[in-house]
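Counting convention: from 1, in listed order, for ligands and their atoms alike.
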Amino acid sequence: MNAAAEVRRHDDADVLVGDVASALLDRIESAQARGEVPHIGLTGGSIAEDLHRELARRAPDSSVDWSRIVFWWGDERFVASDSPDRNALQAREALLDHVAVDPAHVHAVPGSDEVATAEEAAEAYSATMRSEGAGFFEVLMLGIGPDGHCASLFPGHPALEARDAIAVAVHDSPKPPPDRVTLTFEAMERCRAVWFIASGAGKAEAVARALADEGTVAETPARGVRGDETVWWLDEDAASAL
Ligand SMILES: O=C(O)[C@H](O)[C@@H](O)[C@H](O)[C@H](O)COP(=O)(O)O
């Protein structure tokens with residue numbers, strides 16, 4: 001498992017974030033040069049926030065056409081859409097509010113002020129993905145938790161077993177808040193590239209388990225993710241147990 005995963009090591013978190021930002025901007029530029037409108041999957045968490053800020057900082061010097069990108073999220077916390085807990089709000093404040101996106105191309109998971117349950121939010125998000133034909137993200141970015149979770153796929157949770165679904169509800173998440181919506185493994189498999197981004201010694205053991213020859217997806221959900229291309233972007237601390 002994960003035999004095809006590529007590992008890219010970086011001296012520290014700043015270099016890591018800078019390299020991911022360059023690679024993402026290059027990838028978007030190439031897709032746009034081919035006449036495509038790439039679909040990009042954003043994630044939540046601390047390293048993602050640093051990346052979003054770095055992308056906003058570099059935006060004026062890049063030739064990316066931000067209005068020709070479709071934005072999605074790999075997972076979302078099921079709270080009110082203006083809650084600071086929302087991955088979408090974090091991405092808006094750090095990146096999307098600072099670049100010329102087309103609001104019609106930004107597809108956040110509905111919040112608890114918009115639909116009644118996380119199940120409804122997952123269904124609505126899946127329906128939007130189907131109607132937008134968003135099967136193939138150019139890049140889906142993911143963080144990893146110290147327990148090996150990615151997006152909102154947590155060890156031992158029923159969402160790991162979801163079949164024939166794009167996005168599903170998650171309850172009792174060990175990382176607060178408890179109610180969430182996540183893409184399924186099946187949806188992630190259709191991405192052209194999945195990029196894990198991890199920084200810090202707290203992630204080292206989970207990263208090593210995700211990339212080990214032996215182990216289970218139930219224990220380390222990140223083992224279950226494979227895009228056509230899977231890249232692990234790590235700083236030395238996160239790579240220290242490999
Ligand atoms: O909603 C979330 O919290 C996430 O999408 C989650 O999967 C996150 O990416 C990892 O937990 C890493 O988060 P940190 O970078 O903050 O450790």
Side-chain angles (χ1 to χ4, degrees), residues 10 12-14 16-17 20-21 24 40-55 71-81 83-95 107-112 118 121-122 125 137 139-157 159-160 162 167-185 187-188 191 194-210 217 220-225 227 230-235 237-241:
H10 301 78
D12 59 33
D14 286 349
L16 168 68
V17 164
V20 177
L24 185 64
I40 300 293
L42 302 176
T43 188
S46 48
I47 196 75
E49 181 154 23
D50 292 346
L51 174 64
H52 296 154
R53 290 219 172 82
E54 183 63 14
L55 288 166
F71 293 96
W72 303 88
W73 277 265
D75 75 322
E76 185 55 279
R77 293 101 180 264
F78 187 64
V79 289
S81 39
S83 162
D85 276 341
R86 288 270 293 183
N87 289 338
L89 187 75
Q90 183 244 73
R92 282 182 203 282
E93 289 180 348
L95 172 62
H107 299 294
V109 178
S112 60
Y125 190 59
F137 287 4
V139 179
L140 169 65
M141 284 170 290
L142 292 174
I144 182 170
D147 59 355
H149 80 255
C150 60
S152 288
L153 294 164
F154 292 94
H157 269 239
L160 302 180
V168 293
V170 172
H171 301 288
D172 303 318
S173 157
K175 178 177 182 179
D179 299 312
R180 292 161 168 261
V181 170
T182 187
L183 289 186
T184 62
F185 286 132
M188 293 177 182
C191 297
V194 177
W195 289 2
F196 281 96
I197 307 163
S199 160
K203 304 292 171 69
E205 200 207 318
V207 168
R209 278 193 283 126
V217 171
T220 311
R223 293 178 65 82
V225 180
T230 305
V231 181
W232 285 79
W233 300 83
L234 306 174
D235 66 10
D237 287 340
S240 59

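With hydrogens and angles disregarded, no donor-acceptor distance shorter than 3.5 Å links the side chain of His171 to the backbone of Asp179.
Some N or O of Gly44 is nearer than 3.5 Å to an N or O of ligand 1, by distance alone. Close N/O approach between Lys203 and ligand 1 is found [any backbone or side-chain N/O within under 3.5 Å]. Inclusion of Ala151 in the set of residues having an N or O under 3.5 Å from an N or O of ligand 1 is warranted.
Atoms of ligand 1 found under 4.0 Å from any heavy atom of Gly143, numbered from 1 in the order shown, are 9 (O). For ligand 1 and Ile47, the ligand atoms under 4.0 Å from any heavy atom of the residue are 15 (O). Against a heavy-atom cut-off of under 4.0 Å, Thr43 is close to the following atoms of ligand 1: 5 (O), 9 (O). Residue Arg77 has at least one heavy-atom neighbour below 4.0 Å for each of these atoms of ligand 1: 1 (O), 2 (C), 3 (O). With ligand atoms numbered from 1 in the order given, ligand 1 contributes 13 (O), 14 (P), 15 (O), 16 (O) to contacts under 4.0 Å with heavy atoms of Gly45.
Between Trp72 and Tyr125, the distance from one ring center to the other falls under 6.0 angstrom.
Residue contact annotation: Ile144 has a non-hydrogen atom under 4.0 Å from ligand 1. Every heavy atom of Glu49 sits 4.0 Å or more from the atoms of ligand 1.
Between Val194 and Leu142 the shortest side-chain heavy-atom distance falls below 4.5 Å. No side-chain heavy atom of Asn87 sits under 4.5 Å from any side-chain heavy atom of Thr43. By the 4.5 Å heavy-atom criterion applied to side chains, Arg180 and Thr182 are not counted as neighbours. Counting heavy atoms from C-beta on, the side chains of Val225 and Phe185 come closer than 4.5 Å. The side-chain heavy atoms of Phe137 and Leu183, taken from C-beta on, include a pair separated by under 4.5 Å.
Looking from atom 13 (O) of ligand 1 to the surrounding protein, the closest heavy atom is Lys175 NZ, 3.3 Å. Closest to atom 5 (O) of ligand 1 among all protein heavy atoms lies Asp75 OD1, 2.6 Å.
Within 6.0 Å of atom CD in Glu49, more than 12 heavy atoms from other residues, nucleotides or ligands are found, so the atom counts as buried in its surroundings.
Neither the backbone nor the side chain of Ser199 comes within contact range of ligand 1; no heavy atom lies under 4.0 Å. With a 4.0 Å heavy-atom cut-off, ligand 1 is reached by the side chain of His149 but not by its N, CA, C or O.
Between atom 14 (P) of ligand 1 and the options Ala222, Ala198, Ser46, the minimum heavy-atom separation is to Ser46.
Atom CZ of Arg223 is separated from atom CG of Leu153 by 15.0 Å, given to the nearest 0.5 angstrom.
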